[in-house]
*Asks:* 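Let me begin by handing over the structure; questions about it come next.
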Amino acid sequence: MDQAKLLEIIKNNPNAIAHIDQPTDEMKWLALRKNGLALQHIAAPTREMQEAAVDNNPQALQFISDPTEEMLVSAVSHSWINLSYVKSPPVSLIKLALQQAGWAIKYAQDPSEELQLLAVKKNYDALKFIKDPCASAQEEAVKISYNALRYINTPTPQAERLAVKKDERAIRFVNDLDKQKLLEFLKINILVIRYMMHDIRISKAELEPVLRETLSDANVEEKYVRDYLNCTALEQCTGLTPLEKLRLIDRYGSPKARRIAVDEKLKIK
């Protein structure tokens, strides 16, 4: 088959070069300009051919055993997924990928605290690609979303507290939950009572010391006081009546807690 016919075939289907014995440089260049992935079918390509292939399709990087730094940066700048074609990527390249997606951390071996933080700040669920996330990465992730807790096998106590404080639903992802742990969480977010496990019962007598300690705090958060007063689950689970709630604040509450309670009671009326 003459060269003109072969060039026409490659023009229509660049991968056809795989079936041409001893293709000419003209054929190779035509294939690469049409589809950079045709590089996989070209034996001993020149550096210029490799560069052209990556320019055309950054995924062609996977077919280059010794890419230049420029090729690496170009490919990863185009898409963080191309980091998967790089063996032992340098930190600078990982950072470039993390600017696009935190999930790129999956291609970093033993990522440093800095890289972990960059990853979770971009996508909190990047935690699922970190084998043993450091404490700061855990805490940063749960600050963004309490759902991050589900991706941590061994969360730090602080990460658990931050998640539960952010959203009471985080209690569903807490490991080894027992009564003492639950009481500690109720100091942080009283609405946790809504998701109390059936096999863990909290009596009124057990809960009152927790409430006295929290409500007597001069810096008790306004949200906590209002949630405490309005949470019907608290009444259903412990038998604490609305009147008893108010009496606890009246007797043990800090001035701030009392002011909030008065405001909330007036608002309800």
Side-chain angles (χ1 to χ4, degrees), residues 80 83-84 89 91 94-95 97-203 206-215 217 219-228 231 233-234 237-238:
W80 65 271
L83 190 65
S84 64
V91 171
I94 296 172
K95 287 183 177 180
L98 291 175
Q99 289 175 14
Q100 302 171 51
W103 309 306
I105 197 71
K106 68 165 73 175
Y107 302 118
Q109 292 187 349
D110 300 320
S112 65
E113 179 178 5
E114 179 188 13
L115 293 179
Q116 291 183 39
L117 284 170
L118 287 173
V120 299
K121 286 178 180 178
K122 191 67 176 179
N123 300 99
Y124 73 84
D125 60 345
L127 277 176
K128 60 189 174 186
F129 299 119
I130 304 174
K131 185 177 180 181
D132 294 306
C134 63
S136 58
Q138 292 183 29
E139 293 161 18
E140 186 64 34
V142 298
K143 286 178 186 176
I144 297 169
S145 173
Y146 77 91
N147 270 304
L149 199 60
R150 72 165 74 205
Y151 302 115
I152 310 173
N153 292 326
T154 54
T156 66
Q158 178 65 0
E160 288 184 333
R161 286 193 293 268
L162 287 170
V164 169
K165 182 175 182 179
K166 185 173 183 65
D167 195 303
E168 58 275 8
R169 289 173 291 181
I171 196 71
R172 298 174 298 174
F173 307 128
V174 173
N175 300 322
D176 304 319
L177 184 64
D178 56 21
K179 182 177 291 188
Q180 187 56 43
K181 211 169 185 180
L182 182 59
L183 287 170
E184 288 299 316
F185 288 139
L186 287 169
K187 294 179 184 178
I188 301 169
N189 187 345
I190 194 64
L191 298 182
V192 163
I193 200 79
R194 292 175 175 173
Y195 298 92
M196 190 169 67
M197 304 302 176
H198 295 299
D199 57 342
I200 302 178
R201 296 292 180 183
I202 303 292
S203 68
E206 291 169 325
L207 181 62
E208 284 189 3
V210 169
L211 297 174
R212 288 200 301 268
E213 178 184 340
T214 307
L215 295 170
D217 187 343
N219 297 311
V220 63
E221 293 186 3
E222 180 175 341
K223 181 181 183 301
Y224 187 95
V225 178
R226 294 188 189 277
D227 286 344
Y228 160 72
C231 183
L234 187 60
C237 294
T238 66

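Atom set for the values below is all heavy atoms of this structure, side chains included, hydrogens, waters and symmetry mates excluded.
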*Asks:* Show the atom names and distances, to 0.1 Å, of all donor-acceptor pairs under 3.5 Å that link a side chain in residues 132-144 to residues at least two apart or in another chain.
*Replies:*
unit_1	atom_1	unit_2	atom_2	d
S136	OG	E113	OE2	2.6
Q138	OE1	T156	N	2.8
Q138	NE2	P133	O	3.0

*Asks:* Could you tell me which residues satisfy salt bridge (Lys or Arg N to Asp or Glu O under 4.0 Å) with D217, sequence neighbours excluded, listed by chain and number?
*Replies:*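 Once residues adjacent in sequence are excluded, D217 has no partner under the salt bridge (Lys or Arg N to Asp or Glu O under 4.0 Å) criterion.
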*Asks:* How many angstroms lie between atom NZ of K131 and atom CD of Q109, to the nearest 0.5 angstrom?
*Replies:*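 Interatomic distance, K131 NZ to Q109 CD, rounded to 0.5 Å: 11.5 Å.
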*Asks:* Keeping the roles fixed (side chain from K179, backbone from R201), state whether a donor-acceptor pair exists under 3.5 Å.
*Replies:*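 Yes, the answer is positive, given that a donor and an acceptor are paired below the 3.5 Å cut-off.
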*Asks:* Roughly how far, to the nearest 0.5 Å, is the CG atom of L177 from the OH atom of Y195?
*Replies:*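 The CG atom of L177 is 14.5 Å from OH of Y195, to the nearest 0.5 Å.
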*Asks:* Please name all residues satisfying side chain to side chain donor-acceptor pair (under 3.5 Å) with Q99, sequence neighbours left out, ordered by chain then number.
*Replies:*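 Scan of Q99 (side chain to side chain donor-acceptor pair (under 3.5 Å), adjacent residues dropped) gives none.
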*Asks:* Taking only residues two or more places apart in sequence or in another chain, which ones pass salt bridge (Lys or Arg N to Asp or Glu O under 4.0 Å) with K121?
*Replies:*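 Counting only residues at least two positions away or on another chain, K121 forms no salt bridge (Lys or Arg N to Asp or Glu O under 4.0 Å).
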*Asks:* Mind checking the OH-CD1 spacing from Y107 to I94? Nearest 0.5 Å is all I need.
*Replies:*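 The distance works out to 12.0 Å.
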*Asks:* Among residues at least two apart in sequence or on other chains, which ones pass side-chain contact (heavy atoms from CB on, under 4.5 Å) with E208?
*Replies:*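 By the side-chain contact (heavy atoms from CB on, under 4.5 Å) rule, E208 matches K204, R212, L240, L248.
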*Asks:* Can you list the residues that meet the side-chain contact (heavy atoms from CB on, under 4.5 Å) rule with K187, with sequence neighbours excluded?
*Replies:*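 Per chain and number, K187 pairs via side-chain contact (heavy atoms from CB on, under 4.5 Å) with E184, V210, E213, T214.
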*Asks:* Going from CG on L186 to CG on L207, what distance comes out if it is rounded to the nearest 0.5 angstrom?
*Replies:*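 Output value for this atom pair is 6.0 Å.
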*Asks:* Listed by chain and number, what are the salt bridge (Lys or Arg N to Asp or Glu O under 4.0 Å) partners of K106, not counting sequence neighbours?
*Replies:*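 For K106 there are no salt bridge (Lys or Arg N to Asp or Glu O under 4.0 Å) partners, ignoring immediate neighbours.
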*Asks:* For L191, does its backbone N or O pair with a side-chain atom of R194 as donor and acceptor, under 3.5 Å?
*Replies:*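 No, the answer is negative, given that no donor and acceptor are paired below the 3.5 Å cut-off.
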*Asks:* Rounded at 0.5 Å granularity, tell me how far CG in L98 sits from NZ in K122.
*Replies:*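 Rounded to the nearest 0.5 Å, the CG-NZ separation comes out at 9.5 Å.
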*Asks:* Which residues pass the side-chain contact (heavy atoms from CB on, under 4.5 Å) test with K166, sequence neighbours left out?
*Replies:*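 side-chain contact (heavy atoms from CB on, under 4.5 Å) list for K166, sorted by chain: empty.
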*Asks:* Who passes side chain to side chain donor-acceptor pair (under 3.5 Å) against E168, sequence neighbours left out?
*Replies:*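 Counting only residues at least two positions away or on another chain, E168 forms a side chain to side chain donor-acceptor pair (under 3.5 Å) with N189.
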*Asks:* Once side-chain contact (heavy atoms from CB on, under 4.5 Å) is applied, do any residues pair with R150, and if so which ones, sequence neighbours excluded?
*Replies:*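 Testing R150 for side-chain contact (heavy atoms from CB on, under 4.5 Å), a comparison that skips the adjacent residues, returns N147, F173.
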*Asks:* Can you list the residues that meet the salt bridge (Lys or Arg N to Asp or Glu O under 4.0 Å) rule with K181, with sequence neighbours excluded?
*Replies:*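 K181 satisfies salt bridge (Lys or Arg N to Asp or Glu O under 4.0 Å) with E160 only.
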*Asks:* For D125, check side chain to side chain donor-acceptor pair (under 3.5 Å) against everything at least two apart and list the hits.
*Replies:*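 Once residues adjacent in sequence are excluded, the partners of D125 under the side chain to side chain donor-acceptor pair (under 3.5 Å) criterion are W103.
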